[in-house]
Amino acid sequence: MDIVIIGAGVIGLATAWRAAARGAAVTLVDPEPASGASSVAAGMLTPVSELTYGEEPLLRLGLASRERYGAFIAELEELTGHDTGYRGDGILEVAFDSDDLGYLDDLRRFQESLGIRVEALTGRECRKAEPMLAPGVRGGLLAPEDGSVDPRRLAPALLAAAGRLGVRLVRRRAAAVIVENDAAAGVRLDDGSEIRAAKVLLAAGPWSGDVEGLPPGVVPPVRPVKGQVIRLRTRVPFLRRATRGLVRGSSVYLVPRADGEIVIGATQEELGFDTRVTAGGVWELLRDARELLPGVTELEFTEVSAGLRPGSPDNAPVMGPTALPGFFLGTGHFRNGILLAPVSADVLTEVLLDGTVPEVGRPFAPGRFDAAGANGPKTRVGGAS
Ligand code: FAD
């Protein structure tokens, strides 16, 4: 069966790999594979710390993906020989002042009401877990089953895995979906050439709304949400595991890598397709990181970058078949696409190859936005990735 996937970010790549493993003939179209949000993201794997009221189906999807992560990575690393920087040793979330602690207490009660295991830690216990934390840190939560992966290693590993299984990569921009007899029939590229296929999956992240040729009700409702991150480097042990913090209501996180890199993120800005990095963004991140870990100012500054999260109207992915036969969506993963890559790939592979939507994927059907007003924005509890 011929499938064309538009977009080789983590979602398109993981789906291409999984579908090819089941014997599908897959073509990936992307002028610059793995260049979108997947090249900027910090890579926290945290369905728990990111919990938001009203997002329980997203939580279930995140937990299902976290459960799959270890086996997904083991298979990927064995097939390709790539190291993805995966670690499943938990995420610590700490509170800077008593208001921040009250907020974390609320979050813990909400998590526990959903049966999720988190450990409440005192300030002293937080510093025992992370000795570089500021003496004033009031307390925290440990989500022992969360973890992190390096998206800059994950995406190339997925690309290599897809290649090993015969996925064809076409380094061009998809300009339009070809529609014939009221069904998708392939993709027209920016040089005018065509790739014919029985099924087309649009997984172009925040650019998914730009591909032409689609009937109006089928165009995915995604928008770019800018996030700036900075990268530092340490030569001495500094941070043992990914640590999030609330500092006077503002959220910041630090994700350490085995090679000494520390990623600090992330701003959340509604500025369209703007990827300029700003002095204010860097200042905000360093200001909050320094409150939690005063030693960060001693570390080497190596990079600042901005990426665009693919946001949907209800902050959740848009995955599955559409009203146009043969045309499918795999986008809208917003701040969780790295976490959600394994489960999304499984859902989309089943949708594409078997024509059925697995239970865990049903709440994310593209058609859910059709009923006016059914999906307003949700109130956030946790911070941004
Ligand atoms: P992208 O990674 O954006 O990939 C889209 C691809 O489509 C690109 O390669 C692009 O070249 C291609 N493309 C675009 N238009 C076309 C076209 N017309 N034709 C062909 N190809 C096209 N998630 C987490 O789980 N944990 C985190 O800690 C985390 N931190 C983040 C921090 C920041 C600052 C940002 C920005 C994001 C973060 N995310 C995180 C979110 C995550 O990065 C995204 O949800 C995920 O990368 C989305 O993957 P994607 O494949 O849908 O899109």
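FYI, the numbering just counts along the sequence from 1. Both backbone and side-chain heavy atoms feed into the values below; hydrogens, waters and symmetry mates do not. One-based numbering, in listed order, for ligands and for the atoms of each.
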Separation of Leu329 CG from Ile6 CD1 (nearest 0.5 Å): 10.0 Å
Proximal ligand 1 atoms for Glu32, defined as those under 4.0 Å from one of its heavy atoms: 9 (O), 11 (O)
Atoms of ligand 1 close to Met44 [distance to a heavy atom under 4.0 angstrom, numbered from 1]: 24 (C), 25 (O), 26 (N), 27 (C), 28 (O)
Ligand 1 contacted by Gly332 (non-hydrogen, < 4.0 Å): no
Glu212 with Arg188: basic N within carboxylate O range, under 4.0 Å: no
Side-chain donor-acceptor pair present, Glu261, Thr302, cut-off under 3.5 Å: no
Closest to atom 48 (C) of ligand 1 among Pro310, Ala41, Gly205 (heavy-atom distance): Pro310
Side chains of Glu291 and Arg248 in contact at under 4.5 Å (non-hydrogen atoms): yes
Within reach of ligand 1, part of Ala34 (heavy-atom separation under 4.0 Å): backbone
Enumerated ligand 1 atoms positioned under 4.0 Å from heavy atoms of Phe334: 41 (C), 42 (C), 44 (C), 45 (O)
Ligand-side contact atoms (ligand 1) for residue partner Ser38, heavy atom cut-off under 4.0 Å: 1 (P), 2 (O), 47 (O), 49 (O)
Pair Asp259 + Arg257, salt bridge at N-O below 4.0 Å: no
Heavy-atom nearest option to atom 42 (C) of ligand 1, drawn from Pro47, Gly337, Pro33: Gly337
Ligand-side contact atoms (ligand 1) for residue partner Gly227, heavy atom cut-off under 4.0 Å: 34 (C)
Test item: Leu114 and Glu56 side chains (from C-beta on) under 4.5 Å apart, heavy atoms: yes
Numbering as shown, the atoms of ligand 1 that approach Gly7 to under 4.0 Å (heavy-atom distance): 7 (O), 12 (C), 21 (N)
Arg108/Glu93 ion pair, N-O < 4.0 Å: no
Region of Val229 that comes within reach of ligand 1 [heavy atoms, distance under 4.0 Å]: side chain
Mode of Arg173 contact toward ligand 1 - side chain, backbone, both, neither (heavy atoms, under 4.0 Å): both
Ion pair Asp146/Arg244, N-O distance below 4.0 Å: no
Region of Lys226 that comes within reach of ligand 1 [heavy atoms, distance under 4.0 Å]: neither
Pair Asp191, Ser193: side-chain N/O donor-acceptor within cut-off below 3.5 Å: yes
